[in-house]
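Values below: all heavy atoms of this structure, side chains included; hydrogens, waters and symmetry mates excluded.
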Number of protein chains: 2
Amino acid sequence: MKTYRQYCALARGLDLVGDRWTLLIVRELLSLGECRYSDLQRGLPGIASNLLAQRLREMEDSGLVRRTALPRPAHATAFTLTARGAALQGVVREFVKWGAPLMAADEAQDTFRAHWLMLPLRGLCRDNEPHSGRVVVRVGTVDDGCDITADSGTVHVAPSHPAVDPVATVTGDSAALVALFTGQLPLEASSSSGLLIDGDAAAVRRIIGGMPTAPNESPLNRSAQGGPTKDGGPR
Amino acid sequence: MKTYRQYCALARGLDLVGDRWTLLIVRELLSLGECRYSDLQRGLPGIASNLLAQRLREMEDSGLVRRTALPRPAHATAFTLTARGAALQGVVREFVKWGAPLMAADEAQDTFRAHWLMLPLRGLCRDNEPHSGRVVVRVGTVDDGCDITADSGTVHVAPSHPAVDPVATVTGDSAALVALFTGQLPLEASSSSGLLIDGDAAAVRRIIGGMPTAPNESPLNRSAQGGPTKDGGPR
DNA sequence: CTGGATCCGGGAAGATACTG
DNA sequence: CAGTATCTTCCCGGATCCAG
């Protein structure tokens, strides 16, 4: 992208990550961690192959991404965020918060990947049974999804891992998934709304952020960092 | 911009504000409040006239900007952020924090407007004499700058206003201004660093965030929301 | 004077095919 | 698997012109 040539922190930031697709690449690396080229392609439907290669090169040059060679298979490469790249988390988090209301509109032709829910889910999920032991709930599949681990009050959201055996798996329609985790769709109504809950439904209930949706405010707007938020909400 | 066609809050957010110049227009409206077309042109050096008009139309269509007719002069228009547009403050704030380290590199040919400092300054300034009465320090000029008001512990940063008579005015080299307010340039050294302080230097000292710069962390990285400042946002 | 519209050249993005 | 090559399309940038 052409630089704005403005001595301004916002403009200089946009000089680096304002290009089309760049922030979505950051989303993938922030969610999935270390990625192969083909992982990124799968997580970024619609991107042209040459563009992905070009962006990765630019991001490497500007110190946001690190490229490492994998031992096997041959010609395998891994892409990771540098500390500087990972520092974009705050930007992405605010963007997700701001964009949350846009998820209400259901453009049917939009593609969906279950692992895109990871970033919002990190702010949405709670352990409603802080005195119970470890359970894992999977959203999506092994190939595309995430494992939500609740353990004595803490919650962790990680990419689906084959070695993990979840006690419950939630799959189904994208809009219904969002509605479920934002509390707009009660768990009981899930089966009639394009959602399939396989396994221990109680485990699913345990991790769903239970707060009732205030009018005009999506739960996605809560701080994704947890803790005693003094946040005054969006201004 | 072409939509990403992804059912993801980040992607949908970028569909609306990911276009070139859009977030910089938000910066102007967030800093300055109500703006005329020509105000925006002055604050966005480098933008083509047609592009500014097109962006404003798009932002109006997507509910980020409101256009109102001014009584005089004839055919004068005012552009303002809607609540939804102003809600981008969090995104912009995080972007400014992330971009702060990029201000160290001094690309001499980058243009500079003093009012671009307003957003960072809202997080940077403190009232170091909470028991003193109201003083106003101007950074920049009446035409392009901001008035920093300290009053019994609170700080407000507003666009320069002709009716205001500051007790001190700080002007000078852009990099030196940044260094001064990030605490990297002591006030005493200012005169030899391309900075001109006109008036009551003690008032300037009063509002400068005094913390010594920790290694690897710019003071710009402090939360811009911090403290009990019931900041009502722009305007 | 303010707030645009119009035209055009260059370059970035998009689509697809191909390769070490 | 991880890209490159090539072609097309369309957005951006710069200049100029125009209506109220």
Side-chain angles (χ1 to χ4, degrees), chain A residues 1-6 11 14-25 28-29 32 34-62 65-80 109 111 143, chain B residues 1-6 11 14-25 28-29 32 34-61 65-80 109-111 143:
Chain A
M1 169 181 285
K2 209 186 161 194
T3 172
Y4 286 107
R5 296 228 163 281
Q6 296 185 0
L14 288 171
D15 281 344
L16 292 185
V17 300
D19 265 315
R20 196 159 160 76
W21 294 107
T22 303
L23 236 27
L24 295 187
I25 295 175
E28 291 302 303
L29 293 170
L32 301 176
E34 185 175 279
C35 279
R36 313 256 292 269
Y37 189 88
S38 45
D39 295 330
L40 292 170
Q41 277 191 313
R42 234 171 299 118
L44 298 163
I47 197 173
S49 172
N50 56 351
L51 262 195
L52 178 55
Q54 180 182 331
R55 288 289 175 273
L56 287 170
R57 228 177 302 120
E58 293 164 350
M59 294 170 77
E60 201 185 351
D61 290 346
S62 46
V65 159
R66 187 178 13 255
R67 176 190 313 244
T68 52
L70 259 37
R72 93 187 77 267
H75 299 288
T77 318
F79 299 92
T80 337
Q109 59 234 43
T111 60
D143 300 317
Chain B
M1 169 182 284
K2 210 187 161 190
T3 172
Y4 286 108
R5 296 229 163 279
Q6 296 186 359
L14 288 171
D15 280 343
L16 291 187
V17 300
D19 264 316
R20 195 160 160 76
W21 293 107
T22 303
L23 273 181
L24 295 188
I25 295 174
E28 291 301 302
L29 292 169
L32 266 21
E34 185 175 277
C35 279
R36 308 258 298 270
Y37 189 85
S38 46
D39 295 330
L40 292 170
Q41 278 191 311
R42 233 171 299 118
L44 298 163
I47 197 174
S49 169
N50 57 350
L51 262 194
L52 177 54
Q54 179 182 331
R55 288 291 175 271
L56 286 170
R57 226 179 304 117
E58 293 164 350
M59 295 170 78
E60 201 185 349
D61 290 345
V65 159
R66 188 180 11 256
R67 175 190 313 242
T68 52
L70 257 38
R72 84 189 79 271
H75 299 286
T77 316
F79 298 92
T80 337
Q109 58 236 42
D110 283 8
T111 61
D143 300 318

When you measure from the side chain of A:Thr77 to the backbone N and O of A:Tyr37, does any donor-acceptor pair fall under 3.5 Å? no
Distances under 3.5 Å between protein N/O atoms and the N/O atoms of nucleotides 18-20 of chain D, please, pair by pair.
unit_1: D:dG20; atom_1: O3'; unit_2: B:His75; atom_2: NE2; d: 2.8

Phosphate OP1/OP2 of C:dG4 contacted by B:Arg67 side-chain N/O (<4.0 Å): yes
Quick one: are A:Thr22 and A:Met59 in side-chain contact, heavy atoms under 4.5 Å? yes
Can you check nucleotides 8-15 of chain C for protein contacts, nitrogen or oxygen pairs under 3.5 Å, and list what you find?
unit_1: C:dA13; atom_1: OP1; unit_2: A:Asp19; atom_2: OD1; d: 3.1
unit_1: C:dA13; atom_1: OP1; unit_2: A:Arg55; atom_2: NH2; d: 2.5
unit_1: C:dA13; atom_1: OP2; unit_2: A:Arg55; atom_2: NH1; d: 3.4
unit_1: C:dA13; atom_1: OP2; unit_2: A:Arg55; atom_2: NH2; d: 2.7
unit_1: C:dG14; atom_1: OP1; unit_2: A:Arg20; atom_2: NE; d: 2.3
unit_1: C:dG14; atom_1: OP1; unit_2: A:Arg20; atom_2: NH2; d: 2.9
unit_1: C:dG14; atom_1: OP2; unit_2: A:Trp21; atom_2: NE1; d: 2.6
unit_1: C:dA15; atom_1: OP1; unit_2: B:Lys2; atom_2: NZ; d: 3.3
unit_1: C:dA15; atom_1: N6; unit_2: A:Asn50; atom_2: ND2; d: 2.6

Does some side-chain heavy atom of B:Thr80 sit less than 4.5 Å from a side-chain heavy atom of B:Val65? no
Output the rounded distance in Å from CG (A:Leu56) to C1' (D:dT4). 14 Å
Side-chain N,O (A:Arg36) to OP1/OP2 (D:dG3) below 4.0 Å: no
Between B:Gln41 (CD) and D:dA15 (C1'), how many Å, whole number? 13 Å
State, yes or no, whether a side-chain contact exists between A:Asp19 and A:Glu58 at a heavy-atom distance under 4.5 Å. yes
Shortest non-hydrogen contact between A:Arg36 and A:Ala76, atoms and distance: NE-CB, 4.2 Å
To the nearest angstrom, how far is B:Ile25 atom CD1 from C:dG4 atom C1'? 14 Å
Length of the line joining B:Leu70:CG and C:dT2:C1', which is rounded to integer Å: 11 Å
May I ask you to decide if the ring planes of B:Tyr4 and A:Trp21 are parallel, tilted or perpendicular, using 30° and 60° as cut-offs? perpendicular
Between atom CG in A:Leu52 and atom P in C:dT16, what is the gap in whole Å? 17 Å
State, yes or no, whether a side-chain contact exists between B:Arg20 and A:Lys2 at a heavy-atom distance under 4.5 Å. yes
Nearest non-hydrogen partners of B:Ser49 and B:Gln41, listed with the distance: CB-NE2, 3.9 Å
A:Met59 CE - D:dG3 P separation (whole Å): 14 Å
Rounded to whole angstrom units, what separation is found between the CD atom of A:Glu34 and the P atom of D:dA2? 11 Å
In whole Å, what is the span from the CG atom of A:Leu14 to the P atom of D:dC12? 14 Å
Validation row: B:Leu29, B:Glu34 side chains within 4.5 angstrom (heavy atoms): no
